[in-house]
Amino acid sequence: MRAKDIRAKAGEEPVTMLTAYDAPTARVVDEAGVDIALVGDSVGNLRLGYDSTLPVTVDEMASHTAAVARATEEAFVVADMPFLSYGADETDAIERCGRMIKEAGADGVKLESGHHTIGLTRRLTQLGIPVQAHLGLTPQRENETGLFRQGTDEESAREIIDLAREHEDAGAFSLVLEHIPANLGEAVTEAIDIPTIGIGAGPDCDGQVLTVDEVIGLSEDVAPFSRTFGDVRGEMEAAIGEYVEAVESGGFPADEHSHVVEELDDIDTE
Ligand code: KIV
């Protein structure tokens, strides 16, 4: 899958996108036919034990992106650029985004977007690095906005529509819209030709994205706009509980899990 294939899906076929943070999960995501595997900076709170995405480093993103890229054959792999790795110095940002492609094997990068990412989106696109923009709730700004719905009044809704157009014009191949009213999701989707991929942005976006931990039922917290389709946490609790019980009761390992070498029967332990 290439950026141009994803762009071509706008208004034609739904785009499916799901996060993946490690190789085994990425393999399942890929084999299920997901179009875009996003190595989200949500790895910070979902897998690395941070309270937010803010502490996630470029090295951590490169490591998780490389694991996902190694396990993926068809899906387009997007590396989420972490807080402050872009937006200050353009040369540094290009080098860090380039690292995700050259070193980690990503196919494109995602930038939590605003006025500060229009020029960078244009430059990266010119250089051959596909950029996915991200508007609405952008968790890297949580100290400023909180993790609340965005675009709920006319002025901020208009700003999101304007920024969407500017990022399309700068070359972004798709746009994530997070936690905005469904009718604003619809309006942005009508206003631009690249696919909009919603997370809490209503049913009229061109595609949908969720975190894999919520979809499979691994995370304890589930956003109100999200949906859990499985119970992996329950399966893990049952399996790990049974393992502990089996070891404590002497039921594991059994004969079939062990092997004996006869000549060691009389080994001198002095
Ligand atoms: O980091 C992430 O998982 C994301 C998605 C929620 C879009 O940015």
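Everything numeric here is computed off the predicted structure, so don't read it as measured data. Note that ligands are numbered from 1 as they come in the structure, with each ligand's atoms numbered from 1 the same way.
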Report the distance from atom CZ of Arg122 to atom CD of Glu90, rounding to the nearest 0.5 Å. 11.0 Å
Give a table of atom pairs where an N or O of ligand 1 lies under 3.5 Å from a protein N or O.
unit_1: ligand 1; atom_1: 1 (O); unit_2: Asp41; atom_2: N; d: 3.2
unit_1: ligand 1; atom_1: 1 (O); unit_2: Asp41; atom_2: OD1; d: 3.0
unit_1: ligand 1; atom_1: 1 (O); unit_2: Ser42; atom_2: N; d: 3.1
unit_1: ligand 1; atom_1: 1 (O); unit_2: Ser42; atom_2: OG; d: 3.2
unit_1: ligand 1; atom_1: 1 (O); unit_2: Asp80; atom_2: OD2; d: 3.1
unit_1: ligand 1; atom_1: 3 (O); unit_2: Ser42; atom_2: OG; d: 2.5
unit_1: ligand 1; atom_1: 8 (O); unit_2: Lys110; atom_2: NZ; d: 3.0

Does Glu159 have any salt bridge (charged side-chain N to carboxylate O under 4.0 Å, His left out) partners at least two apart in sequence or in another chain, and if so, which? none
What's in the same ILVMFWY side-chain cluster as Leu137, cut-off under 4.5 Å, chained through other members? Leu147
Counting only heavy atoms from other residues, nucleotides and ligands, does the tally under 6.0 Å from CD of Glu263 exceed 12? no
Glu60/Tyr50 under side chain to side chain donor-acceptor pair (under 3.5 Å): CA gap, chis, key distance, verdict: CA-CA 12 Å; Glu60 284 168 338; Tyr50 298 136; 2.6 Å; yes
For Thr25, check side chain to side chain donor-acceptor pair (under 3.5 Å) against everything at least two apart and list the hits. Asp22
